[in-house]
Amino acid sequence: MLSLKLIQEQSPFVIERLKIKNFNAETLVGQILSLDEKRRSLQTRTDNQLAELNNLAKQIGQLYKEGKAAEAEGAKNQTAAIKEENRILKEEHAAAEVQLQSLLVQLPNLPYQLVPPGKTPEDNQLIRSGGKLPDAGQGLKPHWDLIAGNNLIDFELGVKLTGAGFPVYKREAARLQRALINFFLDRGIQAGYTEVQPPILVNEDSAYGTGQLPDKEGQMYRAEPEGFYLIPTAEVPVTNIFRDEILSADQLPVKYMAYTPCFRREAGSWGAHVRGLNRLHQFDKVEIVQVRHPDDSYNGLEEMVNYVESLVQSLGLPYRIIRLCGGDMGFTSAMTYDFEVYAAGQGRWLEVSSVSNFESFQANRLKLRYRDKNDKKTQLAHTLNGSALALPRIMAGLLENNQSGNEILIPQVLQPYTGFDRILL
RNA sequence: GGAGAGAUGGCCGAGUGGUCUAAGGCGCGCGCCUGGAAAGCGCGUAUCCUACGUGAAGUGGGAUCGAGGGUUCGAAUCCCUCUUUCUCCGCCA
């Protein structure tokens, strides 16, 4: 959520920037400004009435104490009319607040200066790439063909247990998955992240705090009767750790990391390119989250990008880093880098990480603030997060790029974790 | 799941209808003191909205004592609902 102050003071700038995201904010901003004016004038009036009532109450107390009961009764009679009037004004005020809020949450975050305009992934910027692309024409198989019939990843069994998109990993595949999780977590600790294990069900406040609600309700699984949501990413519980918190500036930057399963309904998004591990309803991910001083948040973003890059490099996967254009970015993000790994068997790039700076957009909803040492005032902090990394597509990348005859070679860095150096097919 | 006791500022903790503008302590900050420090002394120390002021300093108003509703001229205090913590019992990995 953008801060109201920004909209009040720089509405032309807000409208202009949002064009980069192909969002026409003119009407919405106009409504917000007039509603805000209404809200403030209602507040001034109710506050004045309340002040008057407070005064009267004090006088009445004083009169009783002085034994002037008759005068006190007279003063009491004055309050009734004011109270009634105030009740109505307060209702109007509350309604204006609610309506204002509902409009504010419809405005996406402003894109950062570096974000290129554009509407489709075609307009994204290639930042850099690395690793060695396989030579064409080697007859490399997609991962679902590689594992077909050898019982390593059992999609049908997952259907039996739950449904499509919930595979069962077995034997070396299960161990490889566990190895990857441990590898990512250990590397994260070396990079200065604090490991946490959050709940994977969250309440409505948390889903709202990071922006999954109100818009993406249909993308999350909901657990009744409590109405909890299964997290679509660890970003939700980990970032919400800081909801309603005021940090001192010297606590920044905060760097947290969590491994969790993630659950996504992906309603309506099942189509051609979603075979095998490419898109699942349940998958594992290690997520990194940072809370930063506003002056410092883009350094944080670069640091996170470099860190994620080091992970992909150490696994020896061909990758590219892409800066998303305005039209391809998420609602809450100010700038996003996607990491894609080349899946040699499919001949396509798979997104394995998305690293974003939300600036103060999430913090404003979360009421996550910091205070400088010599400053009385609180300021909104900046939040960032990224996958480091998402497991299934990394697994797909490893299977497809490291296939060699009838075996899959395990990258050296993983071997201490897996306990084997190849998977025989 | 049952019974009981709680939820007050960064922390501890007092406060059962008006003098709460929330006592006192701890912590923290600044100053005095000191060769320097400790101790001691003094001052300060929540958040949000709002009006004036440049978006500063500051001043005024309003709200917030777990959350929401109610009673009352007036609620931290009384009533109701919910959330949550602790203790005991039951169940349990």
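In what follows, chains carry the letters A, B, and so on, assigned in the order in which the sequence lines appear, proteins first and then strands, with residues in each chain numbered from 1. These numbers come from the heavy atoms of this one structure, side chains and all, not from hydrogens, waters or symmetry mates. These numbers were taken from a predicted model, which means no experiment stands behind them.
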Salt bridge (Lys or Arg N to Asp or Glu O under 4.0 Å) pairs touching residues 307-316 of chain A, sequence neighbours excluded, are Arg128(A)-Glu309(A)

Residues at least two apart in sequence or cross-chain that pass ring pair (Phe, Tyr, Trp, His ring centres under 6.0 Å) with Tyr370(A), listed by chain then number, are His293(A)

Across every strand shown, the nucleotide meeting Watson-Crick or G-U wobble geometry with A22(B) (both distances under 3.5 Å) is none

On RNA chain B, more 5' by nearest nucleotide between Glu9(A) and Lys76(A) is Glu9(A)

pair_partner(C30(B)), Watson-Crick or wobble, both distances < 3.5 Å, evaluates to G42(B)

5' to 3', nucleotides 63-69 of chain B under a 4.0 Å protein heavy-atom cut-off (B base, S sugar-phosphate only, - none) gives S------

For C65(B), the nucleotide meeting Watson-Crick or G-U wobble distances (both under 3.5 Å) is none

Open item on the list: Keeping Thr46(A) on the side-chain end and Leu42(A) on the backbone end, is there a donor-acceptor pair under 3.5 Å?
Closed with: yes

| message | Suppose you measure atom C1' in C26(B) against the same atom in G13(B); what distance do you get, rounded to whole Å? | response | 10 Å

_A14(B) to A7(B) separation - P atoms, rounded to the nearest Å_ = 9 Å

Mate of G60(B) across any strand shown (Watson-Crick or G-U wobble, both atom pairs under 3.5 Å) is U50(B)

When rounded to whole Å, the CZ to C1' distance for the pair Phe228(A) and U83(B) reads 11 Å

Rounded to whole Å, NZ of Lys58(A) lies from C1' of G17(B) at a distance of 16 Å

Glu52(A) CD to G74(B) P, in whole Å, measures 14 Å

Sequence neighbours excluded, the answer for ring pair (Phe, Tyr, Trp, His ring centres under 6.0 Å) partners of Tyr307(A) is Tyr193(A)

Lys90(A) atom NZ is separated from G62(B) atom C1', nearest whole Å, by 10 Å

The salt bridge (charged side-chain N to carboxylate O under 4.0 Å, His left out) partners of Lys76(A) (sequence neighbours excluded) come to Glu73(A)

**Message:** I'd like the C1' distance from U83(B) over to G68(B), given in whole Å.
**Reply:** 10 Å

Gln59(A) CD to U19(B) C1', in whole Å, measures 16 Å

The ring pair (Phe, Tyr, Trp, His ring centres under 6.0 Å) partners of Phe242(A) (sequence neighbours excluded) come to Tyr256(A)

Mate of G90(B) across any strand shown (Watson-Crick or G-U wobble, both atom pairs under 3.5 Å) is none

Item to complete: Could you give the distance separating A3(B) and A93(B) at their P atoms, to the nearest angstrom?
Response: 25 Å

Using the C1' atom as the reference point in each nucleotide, state the distance between C65(B) and G6(B) in Å, no decimals.
14 Å

Any heavy-atom pair between the side chains of Glu204(A) and Leu213(A) that's under 4.5 Å?
yes

Taken to the nearest whole Å, CG/Asn86(A) to P/G61(B) is 17 Å

Practice task
Please state the C1' separation for the pair U81(B) and C43(B) - nearest whole angstrom.
Solution key: 45 Å

Using Watson-Crick geometry (N1-N3 plus N6-O4 or O6-N4) or G-U wobble (N1-O2, O6-N3), each under 3.5 Å, U84(B) is paired with G6(B)

From the list Leu100(A), Ile7(A), Leu103(A), side-chain contact (heavy atoms from CB on, under 4.5 Å) with Asp36(A) holds only for Leu100(A)

Applying ring pair (Phe, Tyr, Trp, His ring centres under 6.0 Å) to Tyr298(A) and not counting sequence neighbours gives Tyr112(A)

(message) Given the ring of Phe228(A), does Arg222(A) sit roughly above its face, with NZ or CZ under 6.0 Å from the centre of the six-membered ring and within 45° of the axis?
(response) no

Ignoring hydrogens and geometry, is there a side-chain-to-backbone donor-acceptor pair from Asn48(A) to Thr44(A) under 3.5 Å?
yes

Under a 3.5 Å limit on both distances, the Watson-Crick or wobble mate of A75(B) is none

Asn55(A) atom CG is separated from G18(B) atom C1', nearest whole Å, by 14 Å

Protein-proximity profile, nucleotides 45-50 of chain B, B/S/- by nucleotide at the 4.0 Å heavy-atom cutoff, equals --SSBS

Practice item. Take atom C1' in G58(B) and the same atom in G53(B), then report the distance between them in whole Å. Key: 8 Å

Residues at least two apart in sequence or cross-chain that pass salt bridge (charged side-chain N to carboxylate O under 4.0 Å, His left out) with Glu84(A), listed by chain then number, are Arg87(A)

### Query
Is Ala51(A) touching bases, backbone alone, or none of the nucleic acid, heavy atoms closer than 4.0 Å?
sugar-phosphate

Per nearest nucleotide of RNA chain B, the residue lying toward the 5' end, Thr79(A) or Gln10(A), is Gln10(A)

Asn48(A) atom CG is separated from G61(B) atom C1', nearest whole Å, by 7 Å

| task | Report which part of the nucleic acid Glu73(A) touches: base, sugar-phosphate, or nothing (heavy-atom distance under 4.0 Å, all strands). | result | nothing

Partner of U16(B) under the Watson-Crick or G-U wobble criteria, both distances under 3.5 Å, comes out as none

| message | Give me the distance, rounded to whole Å, that separates U77(B) from A22(B) when you measure between the P atoms they each carry. | response | 16 Å

